**Q** 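Once you've had a glance at the structure underneath, I'll fire off some questions.
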Amino acid sequence: MKNPKLYISAVIAVIIIATVCAGCTSIGTIKDNTSTDESGFIMESIDVPQDILEAAKSEVERIFEMHREDFPDYGYVNWRIENLKYSYTYENLDGMRLVIYQMNYEFLSESPKNVVLAGGMYITTDNWFMPNYPNSTYLIFRQDSDKLIFLTSIMENDCEPGMQIFTDDLHRVLSTYQTDISIVGDMY
């Protein structure tokens, strides 16, 4: 070996590159649906029952499509659920047992310079936006025997389930929800 310093430098460079590459592949690990022809990702750390996950995915997809329509210049191309966890249970609210899950989702933008940040919005270094206040979306489920039925979602950034202001807002949202069901029922 003619130049041991060059050899040692090359080995160190390879080790550094390998370490960086290995580190980059584990950042933001995503569950299952990582193919490019599918929309939506679920972060690996999420561990909730399948029916909760399906309701969350449907709700985020609905919100995502609404934002794409309302803000076409933002270039939103995908969504992910970054956090989803059990938050609280109302044992008897208006005669119902309600189970609340807290969620955080993000939208990927191909036009991040067009997105106007306001309120609690944030952007990650790889152009994932939280278009609302982080961890402020709550999924509301009604428990019927051993089954949870998704009712609606609400956004609360200044309180949490169990607090009086959250409970008052939940009453308001559920009364509107019940009215909407009644109107639809009366149509048939």
Side-chain angles (χ1 to χ4, degrees), residues 27-34 38-68 70-71 76 78-108 115 117-124 128-185:
I27 294 172
T29 307
I30 298 172
K31 276 189 182 179
D32 301 330
N33 55 346
T34 56
E38 284 190 47
S39 181
F41 299 108
I42 309 301
M43 300 305 283
E44 186 71 33
S45 61
I46 292 175
D47 185 22
V48 297
Q50 190 63 30
D51 54 343
I52 303 300
L53 185 59
E54 292 303 318
K57 287 166 56 177
S58 293
E59 187 65 0
V60 172
E61 189 169 310
R62 182 189 69 78
I63 295 167
F64 175 72
E65 292 303 326
M66 184 176 65
H67 276 260
R68 286 182 67 177
D70 292 346
F71 306 101
Y76 289 140
N78 212 338
W79 57 267
R80 70 181 176 192
I81 297 175
E82 189 268 334
N83 180 42
L84 179 61
K85 64 183 179 181
Y86 167 80
S87 181
Y88 191 80
T89 298
Y90 287 91
E91 292 298 332
N92 186 359
L93 187 76
D94 298 337
M96 297 180 287
R97 184 171 198 259
L98 299 176
V99 180
I100 315 296
Y101 278 79
Q102 181 186 48
M103 176 172 68
N104 196 59
Y105 57 89
E106 298 170 335
F107 299 157
L108 180 63
V115 178
L117 294 177
M121 292 175 67
Y122 66 78
I123 179 174
T124 65
W128 285 94
F129 284 85
M130 184 339 125
N132 222 321
Y133 287 88
N135 291 304
S136 295
T137 301
Y138 293 90
L139 304 176
I140 315 301
F141 295 87
R142 183 184 75 224
Q143 184 157 15
D144 286 345
S145 56
D146 62 342
K147 180 167 77 167
L148 290 178
I149 299 167
F150 177 66
L151 299 178
T152 191
S153 68
I154 62 174
M155 196 287 294
E156 292 283 347
N157 70 326
D158 57 354
C159 60
E160 57 189 47
M163 294 175 70
Q164 190 60 48
I165 192 168
F166 188 99
T167 305
D168 291 345
D169 288 347
L170 185 55
H171 276 292
R172 183 184 45 77
V173 168
L174 290 176
S175 69
T176 303
Y177 177 78
Q178 293 298 333
T179 302
D180 291 346
I181 292 173
S182 298
I183 292 169
V184 171

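Numbers here simply count residues along the sequence, with the first being 1. From a predicted model like this one, the values you see are computed outputs, not experimental measurements.
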**Q** Passes side chain to side chain contact (heavy atoms under 4.5 Å, CB included), V48 versus Y86? Steps please.
**A** CA-CA 8 Å; V48 297; Y86 167 80; over 6 Å; no
**Q** Side chain to side chain contact (heavy atoms under 4.5 Å, CB included) between Q102 and N83: does it pass, once the steps are laid out?
**A** CA-CA 8 Å; Q102 181 186 48; N83 180 42; 4.2 Å; yes
**Q** Distance check, rounded to the nearest 0.5 Å: I46 atom CD1 versus M103 atom CE?
**A** 9.5 Å
**Q** Out of curiosity, T167 OG1 to L174 CG, how far, rounded to the nearest 0.5 Å?
**A** 10.5 Å
**Q** Between E82 and N104, do the side chains contain a donor N or O and an acceptor N or O under 3.5 Å apart?
**A** yes
**Q** Within the structure provided, determine whether Y90 and R97 are in side-chain contact (heavy-atom separation under 4.5 Å).
**A**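 Side chain of Y90 against side chain of R97, heavy atoms only: no contact under 4.5 Å found.
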**Q** Aromatic contact between Y138 and Y88, with the criterion being ring centroids under 6.0 Å apart: yes or no?
**A** no
**Q** With rounding to the nearest 0.5 angstrom, report the OG1 to CZ distance, T124 to R80.
**A** 5.5 Å
**Q** With rounding to the nearest 0.5 Å, note down the distance linking CG in D169 to CD in Q164.
**A**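 The CD atom of Q164 is 10.0 Å from CG of D169, to the nearest 0.5 Å.
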**Q** Hey, does L151 have a side-chain heavy atom less than 4.5 Å from the side chain of L98?
**A** yes
**Q** Is a side-chain donor or acceptor of S175 paired with a backbone partner of R172 at a separation under 3.5 angstrom?
**A** yes
**Q** Measuring only between side-chain heavy atoms, which start at C-beta, is W79 closer than 4.5 Å to P131?
**A** no
**Q** Can you give me the closest heavy-atom contact between N157 and M155, atom names plus distance?
**A**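 Minimum heavy-atom separation between N157 and M155: N-SD, 4.0 Å.
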**Q** How many angstroms lie between CE in M121 and OH in Y133, if you round to the nearest 0.5 Å?
**A**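 Here the interatomic distance stands at 10.5 Å.
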**Q** Does some side-chain heavy atom of L84 sit less than 4.5 Å from a side-chain heavy atom of Y105?
**A**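 The answer is no; the side chains never approach within 4.5 Å.
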**Q** Give the C-alpha distance, both sets of side-chain angles, the deciding distance and a yes or no for side chain to side chain contact (heavy atoms under 4.5 Å, CB included) between T137 and E59.
**A** CA-CA 10 Å; T137 301; E59 187 65 0; 5.7 Å; no
**Q** Any side-chain heavy atom of L117 within less than 4.5 Å of one from F129?
**A** yes
**Q** Measuring only between side-chain heavy atoms, which start at C-beta, is I63 closer than 4.5 Å to E61?
**A** no
**Q** Nearest 0.5 Å, please: how far is CG in L93 from CD1 in I100?
**A**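 The CD1 atom of I100 sits 8.0 Å away from the CG atom of L93.
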**Q** Could you tell me if the side chain of K57 sits less than 4.5 Å from the side chain of I81, heavy atoms only?
**A**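 The answer is yes, as the side chains (C-beta and beyond) meet within the 4.5 Å cut-off.
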**Q** Taking all non-hydrogen atoms of both residues, which atom of Q143 and which atom of D146 are closest, and how far apart?
**A**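 Of all heavy-atom pairs spanning Q143 and D146, the closest is NE2-CA, 4.3 Å.
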**Q** Grab the two heavy atoms, one from E160 and one from F166, that are nearest each other, plus how far apart they are.
**A** O-CB, 3.2 Å
**Q** Going by heavy atoms in the side chains, are N135 and M130 under 4.5 Å from each other?
**A**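 No, their side chains stay 4.5 Å or more apart.
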**Q** Kindly give the heavy-atom pair with the smallest separation between G120 and P134, and that separation in Å.
**A**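 Of all heavy-atom pairs spanning G120 and P134, the closest is O-CD, 3.3 Å.
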**Q** Between W128 and N78, what is the shortest heavy-atom contact and its length?
**A** CZ3-O, 3.9 Å
**Q** How close do I42 and L53 get, heavy atom to heavy atom, and via which atoms?
**A** CG2-CD1, 3.8 Å
